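In what follows, a structure is listed as structure tokens, so that the remarks can point back to it.
Since the model is a prediction, treat every value here as computed from it, not as a measurement. In what follows, chains carry the letters A, B, and so on, assigned in the order in which the sequence lines appear, proteins first and then strands, with residues in each chain numbered from 1.
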Amino acid sequence: MLPDGVTLHDGFLDAVAQIALVGALRTVAAVAPPRRMEAPNGRRMSVAMTSAGRVGWVTDRKGYRYEPRQMNGAPWPPIPAEALAIWRAVSGWDSDPDCLLLNHYAEGAKMGLHRDADEGEFAAPVVSVSLGDPARFRIGGLARRDSTKSFELRSGDVLVMGGASRLIWHGVDRIRYGVSPLLARGGRLNLTMRVVAG
DNA sequence: AAGTAGCT
DNA sequence: GGTA
């Protein structure tokens, strides 16, 4: 039983769709290379990130925020049509997302419990797509201290966090590296689409 | 004394 | 996934 507002579309993308999406994301990564950024506390994150869309999510010692340009001054690449199609199918939101955040989990990468709270529009859901190696996903409640539970997210799964769970705490405990044949170098790709409205 | 996209 |  998932919290109210969280929907898991198990196996939403078949193998063909997963391959097509990975191909489109390769183009994103070529224009805006994923990099391991610094959290405001100065620690380098294990997950490498980049973005597509009108704005991209960045972090450094100045804090978390959305920026209209990459560090090198170039705009972010457009959000691939394959990703927008998923958003339109599952988000229930009228407009398209402003940002696609692309996270690459190499072997050993993980992400601590956090909330997606840097957007200006919390009525719109966050749509998360998993590709490649499986991840042990942890989900809590609206308060940091709320109890958590975990389950596995597999390649092709689409998770929607919206409604009462839009600001829910969540994270990735670990990935099971080398399980999926989808990505040549292994690891996990996660993309999340957000309405930033700022 | 919170708050935590980090660390054990 | 709850502490320090």
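- Rounded to whole Å, the distance from CG on Asn41(A) to C1' on dG6(B) is 4 Å.
- Minimum atom distance to the side chain of Ser147(A) is reached by dG2(C), of the listed dG2(C), dG6(B), dT8(B).
- Between Met45(A) atom CE and dC7(B) atom C1' there is a gap of 13 Å when expressed in whole angstrom units.
- Distance Asp173(A) CG to dG2(C) P: 11 Å, rounded to the nearest Å.
- Counting non-hydrogen atoms under 4.0 angstrom, Gly112(A) reaches a base of the nucleic acid.
- Across all strands, Trp57(A) comes closer than 4.0 Å to base atoms (heavy-atom distances).
- Judged purely by distance below 3.5 Å, without hydrogens or angles, the side chains of Thr59(A) and Trp57(A) never pair a donor atom with an acceptor atom.
- Of the candidate nucleotides dG6(B), dT4(B), dG2(C), dG6(B) has the atom nearest to the side chain of Ala39(A).
- Comment: Arg65(A) engages Asp60(A) in a salt bridge, judged by a side-chain N to carboxylate O separation of less than 4.0 angstrom.
- Ion pair Arg88(A)/Asp96(A) flagged as a salt bridge, since at least one NZ, NE, NH1 or NH2 atom sits closer than 4.0 Å to an Asp/Glu carboxylate oxygen.
- Here Asp118(A) lies in heavy-atom contact (under 4.0 Å) with a base.
- Rounded to a whole angstrom, the distance from the C1' atom of dT4(B) to that of dT8(B) is 14 Å.
- If you take atom C1' in dG3(B) and the same atom in dC7(B), they sit 15 Å apart, rounded to whole Å.
- When the shell of 6.0 Å around CG of Asp4(A) is examined, it contains 12 or fewer heavy atoms from other residues, nucleotides or ligands.
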